[in-house]
Amino acid sequence: MDLFRLLGNGATFNKQRFQNDVEVFEVNFTYNDANRADVTQDTEARDQLLGEIDFFKTTHTVVDGKKDKKKHKSTITDKTSEDITPTSNGLSNTKDITDFRKDRRIRVYGTDVPGPFEQFSDLASAPYSMDQKLLRNLRDSKYTTPTPIQMQAVPIMINERDLMACAPTGSGKTMAYLLPILHDLKKHDKVGYRALIIAPTRELAQQIDRELSRLSAGTKIKSHLLTKSFTAADKTQLPEQRQKFDILISTPMRLIYAVKEKEVDLSQVRHLILDEADKLLDHGFLEQTDEIFAAFSGSPVRKAMFSATFSSTIEELAQTVMKNPIRIVVGAKNAATETIKQQLLFTGNEAGKMVALRQYVRKGIKPPILIFVQSIDRAKELFKELVFDGINVEVIHSDRTKAQRESIIDQFRLGRIWVLIATELMARGLDFKGVNLVINYDFPQTIESYIHRIGRTGRAGRQGEAITYYTKDDFDYLKSIVTVMRESGCEVPEWMLSVKKAK
Ligand SMILES: Nc1ncnc2c1ncn2[C@@H]1O[C@H](COP(=O)(O)OP(=O)(O)OP(=O)(O)O)[C@@H](O)[C@H]1O
């Protein structure tokens, strides 16, 4: 199970990946347990405001992809009684299940794959019989219909199967794993950390923790976001701490440190989730992820991996640490979300990018806008230019303090920052519902980076737009992005597919 060795034995990777990634993802060991009580309140206030800045004025309904845009009837939000009344799950035979999956573009691979559920109210009855408090929290979240990944992943995880799930950005993967974990933990006795969720960045870990707080409210299940290192005083309370929490959320480095320092006890863990799993199994993180897997060797931990992208190499690698896993692919594999209108814009050379951006701004921008650049220095440079132009702009990268990063993300979510310049730090997982436009000011160097970056818009069924600037220096990579655009239904000129690499 030595993943690191296994990968070194012949897998090939794109060496163009960002050198700064690991540094960007490095954690600051700061423990913020004291602030946890405020999280729910903050979340509610933020959500209220989010509703107000819902630029699309859309409902919280996720469509099942381009081919099936009909909305499903709400079953949960219409209820007025305290408890959720079950509806009968109509998917009783193989043909129904196959048709249902086909309609929602769900593909499954593996043996004895449990069928999907159709609507949230199905979860109230057998075979799921989910906790009423959990169902009420779901109802309160105002989600009318489960997304395809939720429909299929929840039953698989409830059936205690290992899972590798690939579904588009913004398609609700977080809830797809949180729901079954919470369901399972409700059924078993409290004995400390029983689920472990790993995410590549602190920002994403925080977001998962917030979603978990909302979904588990009133269930007595408690999560612990591992950030700061424990003080000497904290350490005297460790046995108590361990009993208090059920779910541990961490970045890989912080977790390894905590295990080495005996700050956490993972002996009772039943579920191990890797969010942005392909990132965690890639070079920058692999050694750490391997160490985490090693900590569980021999124990019957259920593993689940989620991402919007899985290269076949990473997929093969992931399979080696799973037991009889099931694979789910929703939509086209490694494609961009179909609600995003994607464009490529030739700017000639470097200077042309600034000209193009200024032209765009002059026409009148529709904030919030996220602009991706390749490095911290370039982020700082562009920030100066846009401040000079009088734009309401901020910049986020790993040189900024933890407090600054948190504040910028909050301000951007609240619509107080209109344009946010970001490095790769922000490319994965972060959920900004209202982002209208993503500009790839600097060309992304991998397909995965492209898909995750533009996936910060067009989330949860909303429409979004992405513009990627390219110069003659980017021709080497143009074709792969064009292919992704095509596969997600965007029109691209034929000549772009036959672009030759620059000499
Ligand atoms: N059933 C649902 N109906 C409507 N909205 C939902 C539903 N489930 C989740 N959402 C919302 O959709 C948004 C995107 O969800 P989430 O962040 O889990 O996406 P993701 O698939 O993990 O994306 P990424 O690959 O970018 O990490 C969130 O705001 C979430 O609250």
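Every number for a ligand or one of its atoms is a count from 1 in the order of the listing. These numbers come from a predicted model, not from an experiment.
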Quiz item: Is the shortest N/O to N/O distance between R214 and ligand 1 below 3.5 Å?
Solution: no
Quiz item: Do any nitrogen or oxygen atoms of T169 lie less than 3.5 angstrom from nitrogen or oxygen atoms of ligand 1?
Solution: no
Exercise. Measure the shortest side-chain to side-chain distance between K133 and K220 over non-hydrogen atoms and say whether it is less than 4.5 angstrom.
Key: no
Quiz item: Is H452 touching ligand 1 with its side chain, its backbone, both, or neither, if touching means heavy atoms under 4.0 Å apart?
Solution: neither
Quiz item: Is it the side chain (CB and beyond), the backbone, both or neither of D431 that lies under 4.0 Å from ligand 1, heavy atoms counted?
Solution: side chain
Quiz item: Testing D278, T201, D275 for side chain to side chain donor-acceptor pair (under 3.5 Å) with R428, which one passes?
Solution: D278
Quiz item: Short question: side chain of S307, backbone of A277 - any donor-acceptor pair under 3.5 Å?
Solution: no
Quiz item: Purely on distance, is any nitrogen or oxygen of G172 under 3.5 Å from one on ligand 1?
Solution: yes
Quiz item: Looking only at heavy atoms of P168, does any of them come nearer than 4.0 Å to an atom of ligand 1?
Solution: yes
Quiz item: Do T144 and ligand 1 have an N or O pair less than 3.5 Å apart?
Solution: no
Quiz item: Judged by non-hydrogen atoms, does F306 sit under 4.0 Å from ligand 1?
Solution: no
Practice problem: With heavy atoms under 4.0 Å as the rule, classify the contact between F120 and ligand 1 as side chain, backbone, both or neither. | Solution: side chain
Quiz item: How about S311 and E448: does a side-chain donor come under 3.5 Å of a side-chain acceptor?
Solution: no
Exercise. Report yes or no: does R428 have a heavy atom closer than 4.0 Å to ligand 1?
Key: no
Exercise. Using only heavy-atom distances, determine whether the side chains of T337 and T169 contain a donor-acceptor pair under 3.5 Å.
Key: yes
Quiz prompt | 4.0 Å heavy-atom contact, G455 with ligand 1 | solution = no
Self-check item: Residue part near ligand 1, for T145, under 4.0 Å between non-hydrogen atoms
Solution: backbone
Self-check item: Any A167 heavy atom less than 4.0 Å from ligand 1
Solution: no
Exercise. With sequence neighbours excluded, tell me which residues meet side-chain hydrogen bond (donor to acceptor under 3.5 Å, both in side chains) with T468.
Key: N440
Quiz item: Do H183 and Y128 have side-chain atoms, one donor and one acceptor, less than 3.5 Å apart?
Solution: no
Exercise. Quick one: list whatever passes salt bridge (charged side-chain N to carboxylate O under 4.0 Å, His left out) with D474, sequence neighbours left out.
Key: none
Quiz item: Relative to ligand 1, is R459 under 4.0 angstrom through side chain, backbone, both or neither, heavy atoms considered?
Solution: side chain
Quiz item: If you measure every N/O of Q150 against every N/O of ligand 1, is any gap under 3.5 Å?
Solution: yes
